[in-house]
Amino acid sequence: MEFKQLVGEQVRKARKLRGITQEKLAELSGVSLSYLSDVERSQRNISLESLGKIIEALRIEPAQLFTDDSIPEDASLNDANDSLRALNILLKDREKEDIDFVLAVAREYLNAIDRKS
């Protein structure tokens, strides 16, 4: 995978996880909508200056663009993998007791749904 493709995919992913449209991100970052669209589709090389503006508008640290270490609280999770990744991130630094509690609550909830079916 080319680096510009990786950057484009990560920008799109971060934008979607934040629940921001391309139009809104373009407005927040001060780059044009067509430029942002081209970057996300790997049609254009992004300048470091523009990448910095986009990262700032997404309110993430630069390294977060290339990791799954942080999903904002108000993230829009579009599929099960996004949700599972968000749950894993939320729980990864918690005490075992906290994780066990969340797991117990999830089991009870799912058992209740299964009983209704």
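One-based numbering along the sequence shown.
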Q) Roughly how far, to the nearest 0.5 Å, is CG of D100 from CZ of R107? A) 8.5 Å
Q: Would you mind checking if E49 and K53 are paired as a salt bridge, meaning a charged N to carboxylate O distance below 4.0 Å?
A: yes
Q. Can you hop from I55 to F3 via hydrophobic side chains spaced under 4.5 Å?
A. yes
Q: Hydrophobic side-chain clustering at under 4.5 Å (ILVMFWY, transitive links): who's grouped with Y109? Put none if nobody.
A: L110, I113
Q) Nearest heavy-atom pair of Y35 and R44: which atoms, and what distance? A) CD1-NH1, 2.8 Å
Q. Can S50 and S47 be counted as having a side-chain donor-acceptor contact under 3.5 angstrom?
A. yes
Q: Rounded to the nearest 0.5 Å, what's the gap from CG on L58 to NZ on K13? Could you check?
A: 12.5 Å
Q: Could I get the full list of side chain to side chain contact (heavy atoms under 4.5 Å, CB included) partners for N45, not counting sequence neighbours?
A: K4
Q: Assess whether atom CD of E56 is packed by more than 12 heavy atoms of other residues, nucleotides or ligands within 6.0 Å.
A: no
(Q) According to a hydrophobic-cluster definition based on side-chain heavy atoms being under 4.5 Å apart (Ile, Leu, Val, Met, Phe, Trp, Tyr only), do L33 and I54 belong together? (A) no
Q: Take L51 and L65, measure what side-chain contact (heavy atoms from CB on, under 4.5 Å) needs, and give me the verdict at the end.
A: CA-CA 10 Å; L51 183 59; L65 189 62; 3.7 Å; yes
Q | ILVMFWY cluster, V39 and L6 together (side-chain gap under 4.5 Å) | A | yes
Q) S29 side chain to L25 main-chain N or O, any donor-acceptor pair under 3.5 Å? A) yes
**Q.** Working for side-chain contact (heavy atoms from CB on, under 4.5 Å), residues V11 and L36
**A.** CA-CA 9 Å; V11 167; L36 179 61; 4.1 Å; yes
Q. Is there a donor-acceptor pair under 3.5 Å between the side chain of D98 and the backbone N or O of R94?
A. no
Q: Considering only NZ, NE, NH1 and NH2 on the basic side and carboxylate oxygens on the acidic side, decide whether E27 and K24 come within less than 4.0 Å.
A: yes
Q.
Restricting to side-chain hydrogen bond (donor to acceptor under 3.5 Å, both in side chains), what partner residues turn up for Q22, sequence neighbours left out?
A. E40
Q.
Take a 6.0 Å sphere around CD of E9 and say whether it holds more than 12 heavy atoms from other residues, nucleotides or ligands.
A. yes
Q: Using modelled atom types only, decide if a donor and an acceptor are shared between the side chain of Q43 and the backbone of R41 within a distance under 3.5 Å.
A: yes
